[in-house]
Amino acid sequence: MGFIFTMTITATHINYYHICHRKLWLFAHGINMEQHSDLVTEGRLIGEHSYADRPVRYTEIELDGIKIDYYDARNKIVHEVKKSDKMESAHEAQVKYYLYKLWLYGIRDATAILEYPKLRHTAQVILTDQDIASIRHWESEIEQIVSGEDIPQVIDKPVCKRCSYFDFCYC
Ligand code: SF4
């Protein structure tokens with residue numbers, strides 16, 4: 001039987017849910033190795049250096065457990081900067097979750113742009129009614145996964161090589 005686990009679901013939980021349930025479980029249980037990941041640091045630096053003028057032009061929003069770094073309030077566009085498009089589906093899920101939270105707070109027609117400055121690639125993201133139903137399902141599954149007593153199994157996929165939990169999982 002699982003134990004009671006109360007949590008606020010963040011965009012990171014949504015992202016990890018789409019990458020690896022074990023990673024989600026470890027993160028949700030406070031086992032956080034991201035600060036040791038050079039990739040994460042590099043990703044943050046890309047965001048800061050590629051768009052140095054953004055803090056002036058765009059707003060940073062924190063609401064209900066999520067933090068949107070770059071929000072263009074005038075055009076209702078979320079800008080999310082990523083290093084690599086290798087996990088684009090997880091990135092897309094993350095920004096859909098931002099749009100969902102904005103939708104819950106009455107901003108119903110916001111859109112998002114995923115930006116990969118190193119690749120000179122962008123992708124537009126919108127929130128559909130189907131997405132809203134899916135997101136509610138994700139939230140329910142995330143709560144089930146993290147309240148389980150057992151850590152989900154390793155997934156043994158290429159993504160593991162870039163994961164901050166690699167040593168934890170495989171050594
Ligand atoms: S190393 Fe692989 S199995 Fe372990 S948490 Fe990361 S993605 Fe999941």
Side-chain angles (χ1 to χ4, degrees), residues 1-50 62-70 78-101 112-125 127 130-171:
M1 191 179 80
F3 54 89
I4 302 296
F5 197 94
T6 56
M7 62 182 290
T8 300
I9 295 176
T10 68
T12 304
H13 293 106
I14 297 289
N15 186 304
Y16 288 0
Y17 167 74
H18 284 84
I19 296 171
C20 168
H21 291 180
R22 181 180 175 88
K23 183 173 175 122
L24 166 66
W25 191 99
L26 289 166
F27 173 74
H29 285 254
I31 304 166
N32 188 357
M33 303 174 83
E34 292 290 12
Q35 64 269 32
H36 302 302
S37 165
D38 290 343
L39 287 176
V40 169
T41 305
E42 189 184 348
R44 286 193 183 123
L45 287 175
I46 287 169
E48 284 163 16
H49 289 290
S50 301
E62 282 189 61
L63 66 127
D64 203 15
I66 64 158
K67 181 165 165 287
I68 301 171
D69 290 333
Y70 304 116
V78 172
H79 292 263
E80 178 71 14
V81 182
K82 297 294 187 189
K83 173 178 174 284
S84 155
D85 64 355
K86 285 199 168 58
M87 291 182 279
E88 191 163 354
S89 62
H91 299 160
E92 189 178 297
Q94 179 184 342
V95 292
K96 278 183 187 285
Y97 199 60
Y98 291 156
L99 296 176
Y100 172 67
K101 288 290 184 175
I113 299 177
L114 273 170
E115 302 177 357
Y116 301 93
K118 273 195 157 183
L119 307 174
R120 300 182 186 279
H121 168 64
T122 61
Q124 191 184 33
V125 181
L127 184 75
Q130 178 59 44
D131 291 329
I132 291 168
S134 297
I135 287 167
R136 287 175 175 156
H137 175 70
W138 301 344
E139 288 181 321
S140 153
E141 282 220 308
I142 286 169
E143 280 173 5
Q144 273 185 28
I145 291 163
V146 304
S147 62
E149 283 181 16
D150 299 324
I151 309 179
Q153 295 296 307
V154 297
I155 58 173
D156 201 11
K157 289 187 176 172
V159 69
C160 295
K161 292 192 175 68
R162 299 188 302 275
C163 177
S164 58
Y165 293 108
F166 182 83
D167 289 346
F168 181 91
C169 291
Y170 292 101
C171 292

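First listed ligand is number 1; within each ligand, the first listed atom is number 1. Model, not experiment: these values are computed from the prediction.
A cation-pi contact, defined as under 6.0 Å to the ring centre and within 45° of the axis, links Lys23 to Tyr16.
Residue Tyr170 approaches ligand 1 through these ligand atoms, each under 4.0 Å from one of its heavy atoms: 1 (S). Of all atoms in ligand 1, numbered sequentially from 1 with element shown, those under 4.0 Å from a heavy atom of Lys23 are 5 (S). Less than 4.0 angstrom separates some heavy atom of Tyr165 from each of these atoms of ligand 1: 5 (S).
When only modelled atom types and interatomic distance are considered, Thr10 and His13 share a side-chain donor-acceptor pair under 3.5 Å.
Here His79 and Tyr70 keep their ring centres 6.0 angstrom or further from each other.
Counting heavy atoms from C-beta on, the side chains of Ile155 and His21 never come closer than 4.5 Å.
Looking only at distances, no side-chain donor or acceptor of Tyr116 sits under 3.5 Å from a matching main-chain atom of Ala123.
Closest protein heavy atom to atom 2 (Fe) of ligand 1: Cys160 SG, 2.3 Å. Considering only non-hydrogen protein atoms, atom 3 (S) of ligand 1 sits nearest to Ile155 N, 3.4 Å. For atom 4 (Fe) of ligand 1, the closest non-hydrogen atom on the protein side is Cys169 SG, 2.3 Å.
In summary, an N, O or S atom of Cys163 is located under 2.8 Å from atom 6 (Fe) of ligand 1. At a cut-off of 2.8 Å, Cys20 is not counted among the residues with an N, O or S atom near atom 2 (Fe) of ligand 1.
Partner Lys82 forms a side chain to side chain contact (heavy atoms under 4.5 Å, CB included) with one of Gln94, Lys118, Met87 and no other, that one being Gln94.
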